[in-house]
Every structure is written in structure tokens, then in C-alpha cells.
Number of protein chains: 2
Amino acid sequence: MGSTDSTDLTARARIRDAAVVCFGEHGFKVTVRTIAEKAGVSPGLVIHHFGSKAGLRKACDDHVFAIIHEAKMESVTSPDPMRSFRHLSHLEEFAPLMAYIIRSLQEGGPLGLALHERMVRDVEEYLAAGEGAGNIRPSRDPRKRARFLANMISGSLLMALAERPGEERVDFSRFLQEWTEEYMLPALELYCEGLFTDRKMLDAYLMYVSDPPEESR
Amino acid sequence: MGSTDSTDLTARARIRDAAVVCFGEHGFKVTVRTIAEKAGVSPGLVIHHFGSKAGLRKACDDHVFAIIHEAKMESVTSPDPMRSFRHLSHLEEFAPLMAYIIRSLQEGGPLGLALHERMVRDVEEYLAAGEGAGNIRPSRDPRKRARFLANMISGSLLMALAERPGEERVDFSRFLQEWTEEYMLPALELYCEGLFTDRKMLDAYLMYVSDPPEESR
DNA sequence: CATCCGACTGAACGCCTGTTTAATCTATTG
DNA sequence: CAATAGATTAAACAGGCGTTCAGTCGGATG
């Protein structure tokens with residue numbers, strides 16, 4: 001993918017690819033006319049092939065999902081650290097796809113939610129395996145922990161997107177690169193060394209939930 | 001605030017308050033007509049008082065910022081755990097404001113970014129103080145760590161919002177309550193106990209950044 | 001009282017949007 | 001070759017939107 005920008009693709013595919021890029025760069029508010037122009041066709045043809053703007057987006061969802069499913073993102077959450085880093089450095093190829101997914105997530109769209117749910121499950125499996133192997137600490141609620149960690153990852157992507165100036169076109173290659181540079185060190189510090197030097201806060205909370213004070217209404 | 005729903009407020013204030021609620025519940029795509037109806041006035045009056053929809057939003061931004069500034073949210077990041085929890089349980093009063101802020105953040109709006117930046121600074125100060133007191137572990141890059149942790153909090157709010165079904169009206173009281181219930185335990189576990197049982201991943205990354213392999217292009 | 005000014009409204013305007021329609025072009029097929 | 005079906009387009013359509021406008025009301029002011 002990404003190798004053929006020109007007209008050697010069927011128009012339907014060209015429109016779909018242009019739509020993925022436009023949706024990813026500008027969000028789903030982007031105009032059918034803009035997408036059509038990017039694909040070098042008329043607005044009417046877009047509707048002719050996809051029925052409606054919603055149909056076009058559904059086609060994009062399916063297309064992106066198929067690619068991601070095929071290329072399996074599990075390597076991102078791979079237990080082998082070096083493999084993860086190596087993979088991240090080549091992630092630029094997936095940038096337009098990632099942009100589309102993040103935008104879908106930002107809006108609460110079905111594709112973003114589906115992929116996020118899969119990530120939650122992957123993280124849970126990974127943690128369970130690591131716990132069995134003795135690399136991961138046990139949790140009082142492994143399912144909640146998995147969702148929590150996955151939400152941290154997806155959420156930080158949404159934040160990184162929010163930090164970009166509003167209407168500007170977003171370069172997601174650089175975006176993802178900066179994201180890893182920004183978050184990798186503190187994340188690993190936190191995962192390996194924790195944050196607090198004692199368990200005071202945790203114990204206070206455990207007491208709080210097992211015996212909630214009356215003052216809370 | 002929130003005590004006077006009726007007509008004992010000036011129309012301008014009533015429109016502004018209705019706008020804050022509508023923007024928070026439905027997002028900024030909400031119609032001027034909808035806001036006007038909620039405030040019990042005509043659409044024209046909204047423009048008459050605020051010049052434009054953008055002007056109305058600016059007024060909402062300023063108003064929310066003023067309230068938050070006055071009520072100082074520092075207690076949320078207070079070093080005293082019990083005070084935080086007690087505060088959170090009464091947070092419902094701030095629900096409409098939080099909704100507006102989260103929506104602003106989701107869209108990359110100026111208010112959300114400004115408040116987030118303040119949160120970053122607060123977290124950094126809090127961590128530095130805790131580090132001095134011996135409660136917080138030192139970091140190789142305290143500034144990055146502060147931003148990272150703040151982004152986790154804001155980002156998880158954005159994720160929780162994304163997980164709601166799309167067009168539905170969002171009840172932010174329940175939303176915030178479920179958010180704390182969902183994330184508090186795994187967060188404290190992670191902060192107090194860490195995630196990995198050893199430092200393999202961190203050391204591998206430190207080696208990687210100090211001596212990047214050629215294969216990464 | 002006359003006047004003036006801001007609050008306020010209902011209706012209209014103009015723009016942008018997704019979509020439809022009618023017509024043209026292209027290529028396959030019998 | 002004739003014919004049919006699909007690809008494609010320019011233009012128009014219809015709806016929703018932010019905004020404008022002309023006019024009414026009510027209270028303050030001189």
C-alpha cells in the first residue's frame with residue numbers, strides 16, 4: 001500500500017484511499033467535495049460508488065480494519081522489547097492509517113472502539129502471560145488493569161492530537177515519532193520503578209472503598 | 001452555581017449558561033437554535049448579545065475559566081489522599097463545567113489546552129515537592145514525567161468519553177463517578193507497585209536511545 | 001409627554017453541505 | 001455495427017446552518 005499515488009488504481013479505490021487520508025488529516029467533518037478533489041473526480045461520483053458519505057466512511061472503516069487485521073498490530077505489544085522499538089521506528093508507513101484510527105477514536109466511531117477493544121484484550125492476554133512468567137506483578141483486578149493501561153495508551157494519543165493547533169493539517173509521521181520520544185521514557189520508568197516510594201495512597205484507597213465514610217452524602 | 005435555573009438571571013447570562021450545558025452535552029456542533037431554545041429565547045438574540053457563535057463560545061470559555069480559577073482545582077492534585085477522595089465524591093456539582101472542559105479538550109480548543117497546561121505545571125510542582133519530601137521517586141526527566149502523567153489523566157477522560165455511544169446525551173455526573181471507580185484502583189496499584197517485576201525493558205530502552213541501531217533507516 | 005435606546009422576536013437571506021438528476025462518454029457484448 | 005450497461009460529470013436541488021433585518025416592545029431620560 002501507499003506505493004501507487006497515481007491513476008493505476010480503480011477510481012473507487014482511489015476515492016477510498018483519498019477519503020482515508022482526508023478523514024485522518026482533517027477529521028470527519030471534511031467535505032465530500034474536498035475528498036473528490038483529492039481523488040481527482042467529481043463529488044457525484046463519490047456518491048455513485050458509495051451511496052452516501054456515511055457509506056464512504058463505512059468502506060474506509062472496513063478497508064482500514066482489513067489492513068490492520070492483516071498486518072496484525074500485536075507486534076506493538078510484543079513481549080520482546082527490541083522488536084517493539086524496531087517496529088515503532090518503521091511505523092511511519094502506517095501513519096495515514098493510524099491517523100484515521102485516532103480520528104475515529106476521537107469521535108467515538110465504531111472502528112476506533114473496535115480496535116481499542118481488541119487492544120484491551122491483547123493487553124490483558126499479554127499481562128496474564130507475563131504474570132505467569134513472573135515478569136508482571138499481579139493485580140487485584142487484572143481486567144480493570146488491562147483496560148486502564150490500554151486506555152492510557154489510546155488516551156495519550158488523543159491528547160497528543162489535541163495538543164496540535166486546531167485546523168492545521170497534521171503530519172502523522174512526525175506526530176507518532178514525537179509521541180514515542182515524548183512518552184517512552186516516563187512510561188518505562190513508571191512501569192519498572194513505580195511512582196510513589198510507599199504504599200500509603202493505595203492502602204488509604206483500599207480502606208476507603210471497603211469502608212466509605214458517611215460524609216459522602 | 002446551578003441554584004437558579006429560572007428567569008431571575010439576565011438573559012445574557014441565561015444564554016451563556018445554557019450554551020455551556022449544551023456544548024458540554026452535545027459537543028460544539030450543537031445548533032445556535034438548540035441553545036436558544038434551551039435558554040428560552042430566539043436565535044437572533046443569541047447573536048445580538050454575543051455577535052456570533054464563536055463569540056458565544058469565547059464567552060463560555062472565559063466564564064468557565066473564571067469559575068475554575070476561582071474554585072482552584074488544586075485540591076484534586078492535593079498531596080492529602082483523603083481530601084482528594086472526599087473532593088471527588090462532591091465533584092458532581094462541577095459536572096457541567098467538566099463536560100465543557102473535556103469537550104474543549106477533545107476538540108483541541110484553547111480552554112481545554114490552557115487548563116491542561118496548568119495541570120501539567122501543577123503535577124510537576126506536586127511531584128517535585130513529593131520528591132523533596134521523599135514520597136515520590138526521582139525521574140531522569142521530571143518535566144517529561146509530569147507531562148506524561150497529566151496527559152494520562154486527561155487522555156483517560158477523553159477515552160472514557162469516546163467509549164460512550166455517539167450521539168446520545170451524556171450524563172457527566174455518572175460519567176465522572178464511573179471514571180473514578182474504573183481507574184482509581186489500577187492507577188494506585190501502578191503508582192505504588194509498578195508493573196514489571198524487573199528493569200529489563202527500561203534498561204533496554206536506555207541502551208537503545210544512547211546507541212540507536214543502524215537498521216532504523 | 002416625547003424621545004431614544006437597548007432587548008427581543010419572527011421571518012427571511014445566503015451560504016455550504018450532501019445528494020439527485022439528466023446527459024455524455026466509454027467499453028463491452030451479441 | 002448496434003445496443004446496452006456502467007463510469008463520469010456539470011448542474012441543479014433541498015435542507016440545515018449561522019446570521020441579518022425590519023420591526024415591536026418597554027423602560028429610562030430630558
Side-chain angles (χ1 to χ4, degrees), chain A residues 4-63 100 103-104 107 109-110 166-169, chain B residues 4-63 100 103-104 107 109-110 166-169:
Chain A
T4 56
D5 297 41
S6 312
T7 52
D8 56 333
L9 278 169
T10 159
R12 191 176 192 279
R14 240 184 317 130
I15 294 173
R16 172 181 29 71
D17 289 356
V20 169
V21 172
C22 286
F23 283 144
E25 283 177 353
H26 307 111
F28 295 106
K29 64 178 185 197
V30 78
T31 274
V32 170
R33 285 172 169 83
T34 305
I35 297 172
E37 189 180 7
K38 182 118 185 173
V41 299
S42 72
L45 190 61
V46 177
I47 304 298
H48 171 72
H49 278 302
F50 298 95
S52 67
K53 188 182 184 180
L56 171 60
R57 181 169 167 192
K58 177 65 163 50
C60 291
D61 273 19
D62 295 345
H63 183 237
Y100 184 90
R103 282 255 127 90
S104 175
E107 204 220 31
E167 296 303 319
E168 216 167 288
R169 189 182 159 281
Chain B
T4 56
D5 297 44
S6 311
T7 52
D8 57 331
L9 278 168
T10 159
R12 191 176 192 279
R14 240 185 315 131
I15 294 172
R16 171 179 33 67
D17 289 355
V20 169
V21 173
C22 286
F23 282 144
E25 283 178 354
H26 311 302
F28 294 104
K29 65 178 185 197
V30 79
T31 274
V32 171
R33 286 172 168 82
T34 303
I35 297 172
E37 189 181 6
K38 182 121 185 171
V41 299
S42 73
L45 189 61
V46 177
I47 303 299
H48 172 71
H49 278 301
F50 298 96
S52 67
K53 187 181 184 180
L56 171 60
R57 179 167 170 194
K58 178 65 164 50
C60 290
D61 273 21
D62 294 345
H63 183 238
Y100 184 89
R103 282 257 128 89
S104 174
E107 204 220 30
E167 295 304 319
E168 216 167 287
R169 189 182 159 284

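Below, chain A is the first sequence line, B the second, and so on; all start at residue 1.
Here the P atom of nucleotide D/dT19 and the CD1 atom of B/I15 are 14 Å apart, to the nearest Å. Taking atom NZ of B/K29 as the reference point, atom C1' of D/dG18 lies 17 Å away to the nearest angstrom. A straight line from CG of B/L56 to C1' of D/dT19 spans 14 Å, rounded to a whole angstrom. Residue B/I47 contributes atom CD1, which lies 6 Å from atom C1' of D/dT19 at whole-angstrom precision. Look at CZ on A/F50: it is 16 Å from P on C/dT20, rounded to the nearest Å. Atom NZ in B/K53 sits roughly 14 Å away from atom C1' in C/dC16 (whole-Å rounding). Atom P of nucleotide D/dC17 and atom CZ of B/R57 are separated by 18 Å, given to the nearest angstrom.
Taking NZ of B/K58 as the start and CG of B/D61 as the end, the distance is 7.5 Å to the nearest 0.5 Å. Atom SG of A/C22 and atom CD1 of A/I15 lie 11.5 Å apart (nearest 0.5 Å).
A/V46 comes within 4.0 angstrom of no nucleic acid atom, judged by non-hydrogen atoms across all strands.
Using a 3.5 Å distance cut-off with no hydrogens or angles, the side chains of B/H49 and B/R12 do not pair a donor with an acceptor.
Mapped onto DNA chain D by nearest heavy atom, A/L45 and A/R33 fall at different nucleotides, with A/L45 at the one closer to the 5' end. When the nearest nucleotides of DNA chain D are assigned to B/H48 and A/R12 by heavy-atom distance, the more 5′-ward of the two goes with A/R12.
Applying the 4.0 Å criterion to OP1 and OP2 of C/dG6, one finds that B/H49 has every side-chain N and O outside that range. Here B/T31 reaches the OP1 or OP2 of D/dC17: one of its side-chain N or O atoms lies under 4.0 Å away.
The existence of a salt bridge linking B/R57 and B/E107 is confirmed by a sub-4.0 Å separation between a basic side-chain nitrogen and an acidic carboxylate oxygen.
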